[in-house]
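Accompanying notes for the structure given below.
Chain naming here is simple, since letters A, B, ... match the order of the sequence lines and numbering starts at 1 in each.
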4 protein chains.
Amino acid sequence: MPRNGTDLKPRILAEARKILLEDGYTALSTRRVAGEVGCTAAAIYHYFENKDALLHALIDEGFELLHDRLEAVPKGEGHLRGLCAAYVDFSSANPEFYEVMFHLHPTQMERYPVERYRAQRDYLALLGNAINVSRQESAHSPHSALRAATLVWSTLHGAISLHQAMRIDKSLRGPDLLDDAIRLAMRAVEISPLPSQPGISS
Amino acid sequence: MPRNGTDLKPRILAEARKILLEDGYTALSTRRVAGEVGCTAAAIYHYFENKDALLHALIDEGFELLHDRLEAVPKGEGHLRGLCAAYVDFSSANPEFYEVMFHLHPTQMERYPVERYRAQRDYLALLGNAINVSRQESAHSPHSALRAATLVWSTLHGAISLHQAMRIDKSLRGPDLLDDAIRLAMRAVEISPLPSQPGISS
Amino acid sequence: MPRNGTDLKPRILAEARKILLEDGYTALSTRRVAGEVGCTAAAIYHYFENKDALLHALIDEGFELLHDRLEAVPKGEGHLRGLCAAYVDFSSANPEFYEVMFHLHPTQMERYPVERYRAQRDYLALLGNAINVSRQESAHSPHSALRAATLVWSTLHGAISLHQAMRIDKSLRGPDLLDDAIRLAMRAVEISPLPSQPGISS
Amino acid sequence: MPRNGTDLKPRILAEARKILLEDGYTALSTRRVAGEVGCTAAAIYHYFENKDALLHALIDEGFELLHDRLEAVPKGEGHLRGLCAAYVDFSSANPEFYEVMFHLHPTQMERYPVERYRAQRDYLALLGNAINVSRQESAHSPHSALRAATLVWSTLHGAISLHQAMRIDKSLRGPDLLDDAIRLAMRAVEISPLPSQPGISS
DNA sequence: CATGAATGAGCGTTCATTCAT
DNA sequence: GATGAATGAACGCTCATTCAT
């Protein structure tokens, strides 16, 4: 029976999440998690196969969180813009989550199973749907919804990424760039494939 | 004169770059570089004051390379599009450089002196000039050149970043996304500040 | 329970002490201690926070040992002489302890907290008491007890120090010098402050 | 021909001495000396076989310096006291010299040839002479001059050593202890060998 | 279920020293 | 006479991980 009252697993996750959010990925060590939880580092290995498994659980959490936020966006007119805003908000509220979710190279984290990026694809599907809806009004783009959604996503991601890497000029306000990016992303649905490469787009 | 045949310094830089690309920042260690080069770890300290200095040299190298590529873009009509294309090409040709130049968190690399991001600002200035020129034809955007340039940059960066992090759906071709991003970036110059915040824009 | 037969902690302390005695402070390294003990360097960090903590433990051990020896000296007449003899005996029996206790520069060991020299002050207080008692018979010295005690101590320390640093001429027997020092120290209580500085002494 | 104008050897010694006196023994490294002199570390090996040889030269310098100071003490009445005062003054003025001259264990500095402690013996001889002279007035001590001189020396050394190791209580002024030690040392010449061990003293 | 002990590999860095040129 | 390149050994320390109990 656990000495600390409640089951250890959720508490490990909680502290790991806290460390990740507060001090970032490099600060996340088994020793520190254990210290914060109040157990031995070895105890963690009862609940997680290794440190990566713990990190994966955290990443999954992040994707669920993002999914919930996006689901909560009111459907109907303005859905696409809402999704964009919610995505940007999520990144601002949980920068370290965002970091591990979208910046970590698979090569740096070899054991993360590819199928778990499903959550990421779910998000793209959501975006795609909204795009399809919005296109019924201005239906002049032959782009596949997935391709357009990816472009929307990448536009937002670019601004977020530079913002988080603190690469934006001090004379510019970070939120301004994020706003601009959202507005630009709204135009992504209008982008057509290159006329010189007909047939490539779906 | 080197005991080792060729001069060690460029080889250290090359191996460091390779490691950075293949296994990420955390894998970059003096010992591993030394091992790959075939010298002692201490030898590295003959050429670089410390690990950070090595990293900085890598970054500087990258910015010089990018600078040269952008300078070579023919000025005049289509300059902006040319700059965008050259930027994307650079990222594809030198992913390892791109990684250190634009992805590394300052928190992972605290001692990098801020002035050295000058090269990055140079690039933005180049973009800004091209934007100003292109605007004389379609002069309807009140955006400051810097802000617009940053948006252009972030748009390209987003696509590059997702592409390099291998987050793009397999059914999509990476180059397509990059093309789309360039075309979208061209529209970034048209984005106006939020009408609800009059007077903030330049 | 130790994997290694006996408990590691005392063995670490013992080997550290031995190295300190045989090859001096600069030779005391975690790796070497580990090697001598037969464990990993990392194992030492299981018992001591860092190298300094190990050193502090050594010092504390030494002071406890000395304290016990001095407490065992029979009080009453001859107490002062007994304390002196016990101090010298301690130094001869435990030269390695003596070295860390009284020779280490704070600059070589910056992090040693000042309060922990308490043990040293305790010893001085003991000496001071004995001096006060002895003075009731030959009460002609206006020296404060602390100042006199320090002088007694330093007299003994000088002989011990030269003896241990092997600086004494071979034609002289070390023990003779120590004996002489004890007898001289007994006269330290008679030393008066300089007549040319009236009022400074207590 | 030397690039730097003057011959390198004296300048190496000078910088080494400066480092030793200013920042102590542990700060004395070939690299730092070379840096201060303005030459390569390897250049030092032209003039000194190794780092120890450089240190030995410094120690020799120290003994010569001390010797000069002691020679300068006016002979005649008060010679002994003058020698004591000069010795203490030397230690205060050159604490780091004193450190390497009298604290370094032969075990820590194996290659220092024993015969070079001659300078130290010279000092003792000087003391011994002064003691012999002073005894002609109060000739009641059967101690050999060498033994008495050693006791005088050790008395001074004890105070100096504790003072330099910063072991003296803050409420006590270091110079006071040194003064006391000098006065006590003057009595060292009166100390007789133990009556219970007749015949041991010379 | 969880601990305490211990490992083994690795980290960035510093050192005295060597040696061809 | 002195340099620049390079070595090899050591430093204190941290890490994820294992395993008997």
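Rounded to whole angstrom, the span from the CD1 atom of B:Ile19 across to the P atom of E:dG10 amounts to 13 Å. For the pair C:Ile12 CD1 and E:dT7 C1', the interatomic distance rounds to 14 Å; values are reported in whole Å. Between the P atom of F:dA10 and the CG atom of C:Asp23 lies a distance of 13 Å, rounded to the nearest Å. When rounded to the nearest whole Å, the span between CZ of C:Arg31 and P of E:dA6 equals 19 Å. Summarising the geometry, the separation between CZ on B:Arg11 and C1' on F:dA6 is reported as 13 Å, rounded to the nearest angstrom. Here F:dT14 presents its C1' atom at 13 Å from CD of C:Glu49, a figure rounded to the nearest Å. Here E:dC1 presents its P atom at 14 Å from CZ of A:Phe48, a figure rounded to the nearest Å. Nucleotide F:dC11 holds its P atom 15 Å from the CG atom of C:Asp52, rounded to whole Å.
Rounded to the nearest 0.5 angstrom, A:Glu96 CD and A:Met101 CE are separated by 13.0 Å.
The existence of a salt bridge linking D:Arg11 and D:Glu36 is excluded, since no basic side-chain nitrogen approaches an acidic carboxylate oxygen closer than 4.0 Å. Electrostatic pairing of C:Arg17 and C:Glu61 counts as a salt bridge here, judged by a charged N lying under 4.0 Å from a carboxylate O.
With both pairing distances under 3.5 Å, F:dA20 is matched to E:dT3 as a Watson-Crick or G-U wobble pair.
Taking only side-chain atoms of C:Asn50, from C-beta outward, the nucleotide of F:dC15, E:dA2, F:dC13 with the closest atom is F:dC13. Comparing F:dA6, F:dT3, E:dA16 by their closest approach to the side chain of D:Ala42 singles out F:dT3. Residue D:Thr40 has its side chain nearest to F:dT3 when only E:dG4, F:dT3, F:dA16 are considered.
Residue C:Tyr47 places at least one side-chain N or O under 4.0 Å from the OP1 or OP2 atom of E:dA6. Contact check, D:His46 against F:dG1: no side-chain N or O comes under 4.0 Å of OP1 or OP2.
Taking the ring centre of A:Tyr45 as origin, the terminal cationic atom of A:Lys51 falls outside the region bounded by 6.0 Å and 45° from the ring axis. Geometric assessment of C:Lys18 against the ring of C:Phe97 yields a negative cation-pi assignment under the 6.0 Å and 45° thresholds.
Counting any heavy atom pair closer than 4.0 Å across all strands shown, B:Leu54 reaches no nucleic acid atom. Nucleic acid contact for D:Ile44: none, since no nucleic acid atom lies under 4.0 Å from a heavy atom of the residue.
Between C:Tyr45 and A:Thr30, the residue anchored nearer the 5' end of DNA chain F, judged by the nucleotide with its closest heavy atom, is C:Tyr45. Comparing D:Ala41 and C:Ser29 by the nucleotide of DNA chain F whose heavy atom lies nearest to each, the residue mapping closer to the 5' end is D:Ala41. Where B:Ala27 and D:Leu28 meet DNA chain E, the nucleotide closest to each residue was compared, and B:Ala27 sits on the side nearer the 5' end.
One cannot find a donor-acceptor pair under 3.5 Å joining the base of E:dG10 and the side-chain atoms of B:Arg32.
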